[in-house]
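Reviewing the structure listed below.
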2 protein chains.
Amino acid sequence: MDAFWLDADEMAAWLRLIAITELLPGVLDSQLRRDAGLSHYEYVVLAMLSEAPERTLQMTSLAQRTSATLPRLSHVVRRLEERGLVERFPCPKDARATNSRLTAAGWGAVVAAAPGHVANVRKNVIGGLTPEQVRQLAELGDALLARLDPQGRMTALYRPAD
Amino acid sequence: MDAFWLDADEMAAWLRLIAITELLPGVLDSQLRRDAGLSHYEYVVLAMLSEAPERTLQMTSLAQRTSATLPRLSHVVRRLEERGLVERFPCPKDARATNSRLTAAGWGAVVAAAPGHVANVRKNVIGGLTPEQVRQLAELGDALLARLDPQGRMTALYRPAD
DNA sequence: TGCCAATAGTTGACGCGACAACCGTCCCCG
DNA sequence: CGGGGACGGTTGTCGCGTCAACTATTGGCA
């Protein structure tokens, strides 16, 4: 189950991928935290709700769309609810389930945060790539996610058209 | 400072990149934690030391090579020292500095962990890509890191030949 | 109908990383 | 050669994410 190492090209790609996953979260978090008082993950949660019908999603669905475990989401939503950005209520269709809905304040927070966030993404990530590289990244990403997320837990997020 | 959103290609690439940075750490951590009792970051620290002359590096240098802040590294090295995998001693050249050296047990831990880790990387990451995509990832990675790490803090890690 | 496994979600404890405050050493400029 | 700013590192606190345990509801199958 081993027998061989990574060759030079593979190692180069691998080391860069590691470095990116170490550095990217910090870049996203610090801008959003500073300018909008939100962590990147909190922003993603609000953004997903903002695009959903009724601005409402079931916890499990929201967790899948944000690549998070249910406990993580539960903690985050509780904090967002305490800040008045989100509200929870029992799902009428299934008494086990909980729905989360974006409040007006939550909508306002997303709208306020989005431009700076997009500018940051463009400045620090997408802006450094050629259009051809952007296309390559999307295809690469699909191939990687097929392995990283074989259950397709995140399909809703990264392949909304399926 | 905004005025425009991401277009469809950019959004596709961006969403995939986000998903990868959320999922990859868990995949790496859980395999190493289970099979070797190490977090991925601890493994990287040991691996960097194992490749250094005398298996020894100064804290600051080790922090740069592992994309970490100094406080983070300090905590991690203390734990590794308590487990006997690493030892710290004052740098003879500079009384302010501390050197970390891999112990025999630490070397053994890296050697024991490496095959499973490499297999995991191949199985879950590199193995899903074509050789052409591996090359693209390396180039893409350079372009992204030029923005994410403009100071070249990690240069030593991802471009060892410079 | 009644039972039991599976599903949906919450909670509490624990560990790790970020941040800020701090100490000791070095170096350079006056 | 002496004082101050910069450098190198450690420590403590706090917040967040994971894991495990738990409750409640559902749905299928006898």
Side-chain angles (χ1 to χ4, degrees), chain A residues 18 21-34 37-45 56-83 86-101 151 153, chain B residues 18 21-34 37-45 56-83 86-101 151 153:
Chain A
I18 292 297
T21 61
E22 293 283 350
L23 295 173
L24 186 53
V27 168
L28 300 179
D29 271 335
S30 58
Q31 181 270 327
L32 276 169
R33 180 98 47 199
R34 172 169 42 83
L38 294 169
S39 71
H40 178 246
Y41 181 71
E42 288 172 337
Y43 174 82
V44 171
V45 167
T56 299
L57 284 172
Q58 206 167 317
M59 293 297 281
T60 297
S61 170
L62 185 51
Q64 289 174 346
R65 287 172 152 77
T66 57
S67 324
T69 60
L70 213 34
R72 177 183 183 185
L73 180 65
S74 185
H75 286 305
V76 169
V77 168
R78 176 177 43 73
R79 287 168 219 141
L80 291 175
E81 190 171 32
E82 287 165 2
R83 295 166 61 185
V86 154
E87 53 191 353
R88 279 185 289 190
F89 60 97
C91 176
K93 308 283 187 182
D94 184 340
R96 294 171 300 177
T98 304
N99 283 352
S100 293
R101 182 167 44 211
Q151 318 310 324
R153 283 177 42 231
Chain B
I18 292 297
T21 61
E22 294 283 351
L23 295 174
L24 186 53
V27 169
L28 300 178
D29 270 335
S30 58
Q31 180 270 328
L32 276 169
R33 182 103 41 202
R34 171 169 43 84
L38 294 170
S39 71
H40 178 246
Y41 182 71
E42 289 172 336
Y43 174 83
V44 171
V45 167
T56 301
L57 283 172
Q58 205 166 320
M59 293 296 281
T60 296
S61 170
L62 186 52
Q64 289 175 346
R65 286 171 152 78
T66 57
S67 324
T69 60
L70 214 32
R72 177 182 182 186
L73 179 65
S74 185
H75 285 304
V76 170
V77 167
R78 175 176 46 69
R79 288 168 219 143
L80 291 175
E81 189 171 33
E82 288 164 2
R83 296 167 59 184
V86 152
E87 54 191 352
R88 280 186 288 190
F89 59 96
C91 176
K93 308 283 190 182
D94 183 340
R96 293 170 301 176
T98 304
N99 284 352
S100 292
R101 182 166 46 210
Q151 318 308 324
R153 282 176 44 230

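- Heavy atoms of B/Thr98 sit under 4.0 angstrom from primed sugar atoms or phosphate atoms, though from no base atom.
- The residue among A/Lys93 and A/Val76 whose nearest nucleotide of DNA chain D is located toward the 5' end is A/Val76.
- Atom CG of B/Asp94 is separated from atom C1' of D/dC7 by 8 Å (rounded to the nearest Å).
- Across the protein-nucleic acid pair, B/Tyr41 atom OH and C/dA18 atom C1' stand 13 Å apart, rounded to whole Å.
- Contact annotation: B/Arg79 side-chain N/O to C/dC16 OP1/OP2 distance is under 4.0 Å.
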- [ ] Kindly indicate, with the supporting measurements, whether the criterion side chain to side chain donor-acceptor pair (under 3.5 Å) is fulfilled by A/Arg78 and A/Ser74.
- [x] CA-CA 6 Å; A/Arg78 176 177 43 73; A/Ser74 185; over 6 Å; no
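- When the P atom of C/dT10 is taken as reference, atom CG of A/Leu80 falls 13 Å away, rounded to whole Å.
- The side chain of A/Arg96 contributes no N or O atom lying less than 4.0 Å from OP1 or OP2 of C/dA8.
- Between the CD atom of B/Glu81 and the P atom of D/dT10 there is a distance of 9 Å, given to the nearest Å.
- Under the 4.0 Å criterion applied to side-chain N and carboxylate O atoms, B/Arg101 and B/Glu81 are not assigned as salt-bridge partners.
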- [ ] Test side chain to side chain donor-acceptor pair (under 3.5 Å) on B/Arg34 and B/Ser30 and set out the steps.
- [x] CA-CA 6 Å; B/Arg34 171 169 43 84; B/Ser30 58; 5.5 Å; no
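- With DNA chain D read from its 5' end, the first of the two nearest nucleotides for A/Pro71 and B/Gln58 is the one closest to B/Gln58.
- Between A/Arg33 and the phosphate of C/dA18, there is no side-chain N or O to OP1/OP2 separation shorter than 4.0 Å.
- No donor-acceptor contact under 3.5 Å links the side chain of A/His75 to the base of D/dG15.
- For B/Leu70, whose side chain is taken as the heavy atoms from C-beta onward, the closest listed nucleotide among D/dT26, D/dT10, D/dG17 is D/dT10.
- In this structure, of D/dT11, C/dT11, C/dG9, it is C/dT11 that holds the atom nearest to the side chain of A/Arg78.
- Phosphate contact (OP1/OP2 of D/dT18, side-chain N/O of A/Thr69, threshold under 4.0 Å): present.
- Atoms NE2 (B/His40) and C1' (C/dG15) sit 18 Å apart, rounded to a whole Å.
- The distance between atom CZ of A/Phe89 and atom C1' of C/dT10, rounded to the nearest whole Å, is 18 Å.
- Distance B/Glu82 CD to C/dC16 P: 10 Å, rounded to the nearest Å.
- Proximity of A/Val44 to A/Ser39: side-chain heavy atoms (C-beta onward) are nowhere separated by under 4.5 Å.
- Judged by the 6.0 Å distance and 45° axis criteria, A/Arg33 is not positioned over the aromatic ring of A/Tyr43.
- Nucleotide C/dC19 holds its P atom 12 Å from the CZ atom of B/Arg72, rounded to whole Å.
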